[in-house]
Amino acid sequence: VTEPDHCIFCAIATRTGPAEVVEADDKAIAFLDIAPATRGHTLVIPRVHAADILDIDPDDLAHVAKMAQSIAKRMPSALGADGVNLLNSGGAVAWQTVFHFHMHVIPRYLNDPLRLPWTPGEPQFDHLAEVAELLR
Ligand code: AMP
Ligand code: ZN
């Protein structure tokens, strides 16, 4: 896979760009988000460039998921976190702004101000079967 010339996360993966790295191995690297949602907000990326969830190699995805869990497990003792959100945005319409796949690992704290990104609505029993059929 060829790296795009101006990918900020490829620069971090090759250590030519600055980052507070918290874990790294041959396939993935985890570093702090520069504009954290909460204290300790971490991003985990594959070293090999992939734009998004559709593009990433499944083995790299599995590796990123395992590293995300490894970081999440440290958050209660290291930071006093009470919970964690894993989040990935795929595509601009889904709020993706950096087009090198990344998993957000966001530690959560009792009474922190974060809220769900959607407003839960009413159950839509009429439509579920139809949509499931499209996805099968
Ligand atoms: P997303 O909207 O899911 O694409 O998230 C991109 C995230 O990358 C945002 O939370 C940014 O704060 C973060 N970010 C952008 N540039 C950098 C950087 N150079 N180092 C660390 N985090 C970054
Ligand atoms: Zn990249």
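All values below were derived from every heavy atom in this structure, side-chain atoms included, with hydrogens, water molecules and symmetry-related copies excluded. As the structure lists them, so they are numbered: ligands from 1, and atoms in each ligand from 1.
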> Is the shortest heavy-atom distance from the side chain of I56 to the side chain of P46 under 4.5 Å?
Replying inline: yes

> Below 4.5 Å, heavy atoms only, C-beta onward: do I29 and V21 meet side chain to side chain?
Replying inline: yes

>> Please list, in number order, the atoms of ligand 1 under 4.0 Å from a heavy atom of A35.
In response: 12 (O)

>> For N/O/S atoms only: which one belongs to H49 and is nearest the Zn ion (ligand 2)?
In response: ND1

> Do R39 and L79 come close enough that some side-chain heavy atom pair is under 4.5 Å?
Replying inline: yes

> Is there side-chain contact between V105 and L86, with at least one heavy-atom pair below 4.5 Å?
Replying inline: yes

>> Within the 4.0 Å heavy-atom shell around I8, which atoms of ligand 1 are there?
In response: 19 (N)

> So is F31 close enough to ligand 1, meaning a heavy atom under 4.0 angstrom away?
Replying inline: yes

> Should V64 and I45 count as side-chain neighbours, where that means a heavy-atom distance under 4.5 Å?
Replying inline: no

> What's the shortest distance from atom 4 (O) of ligand 1 to any protein heavy atom, and which residue and atom give it?
Replying inline: T97 N, 2.7 Å

> So which bit of D33 gets within less than 4.0 Å of ligand 1, heavy atoms only: side chain, backbone, both or neither?
Replying inline: both

>> Given the Zn ion (ligand 2) as the apex, I'd like the angle to SG of C10 and SG of C7, rounded to 10 degrees.
In response: 120°

> Would you say Q96 and ligand 1 have an N/O pair spaced under 3.5 Å apart?
Replying inline: no

>> Can you confirm, on distance only, whether ligand 1 has an N/O atom lying under 3.5 Å from any N/O atom belonging to I34?
In response: yes

> Considering only heavy atoms from C-beta outward, does the side chain of P117 approach that of W95 to under 4.5 Å?
Replying inline: yes

>> As an exercise, identify every atom of ligand 1 less than 4.0 angstrom from a heavy atom of L32.
In response: 21 (C)

>> Can you name the atoms of ligand 1, numbered from 1 with element, that are less than 4.0 Å from a heavy atom of F9?
In response: 8 (O), 17 (C), 23 (C)

> Of all the atoms in ligand 1, which lie at a distance below 4.0 Å from a heavy atom belonging to H104?
Replying inline: 1 (P), 3 (O), 5 (O), 7 (C), 10 (O)

> Just one of R47, H63, K66 clears the side chain to side chain donor-acceptor pair (under 3.5 Å) bar with D25, so which one?
Replying inline: H63

> Which residue holds the protein heavy atom closest to atom 1 (P) of ligand 1, what is that atom called, and what is the gap in Å?
Replying inline: H102 NE2, 3.1 Å

>> With heavy-atom distances below 4.0 Å as the criterion, list the atoms of ligand 1 near S89.
In response: 3 (O)

>> I'd like to know whether the aromatic ring centres of H104 and H102 sit less than 6.0 Å apart in this structure.
In response: yes

>> Between F101 and L61, is there a side-chain heavy-atom distance shorter than 4.5 Å?
In response: yes

> Side chain or backbone of W95 under 4.0 Å from ligand 1, or both, or neither, by non-hydrogen atoms?
Replying inline: backbone

> Would one find an N or O of H41, backbone or side chain, under 3.5 Å from an N or O of ligand 1?
Replying inline: no

> How about F9 and F31: are their ring centroids closer than 6.0 Å?
Replying inline: yes

> Looking at H100, which of its N, O or S atoms is the nearest one to the Zn ion (ligand 2)?
Replying inline: ND1

>> Do M103 and N88 have side chains that approach each other closer than 4.5 Å (heavy atoms only, starting at C-beta)?
In response: yes

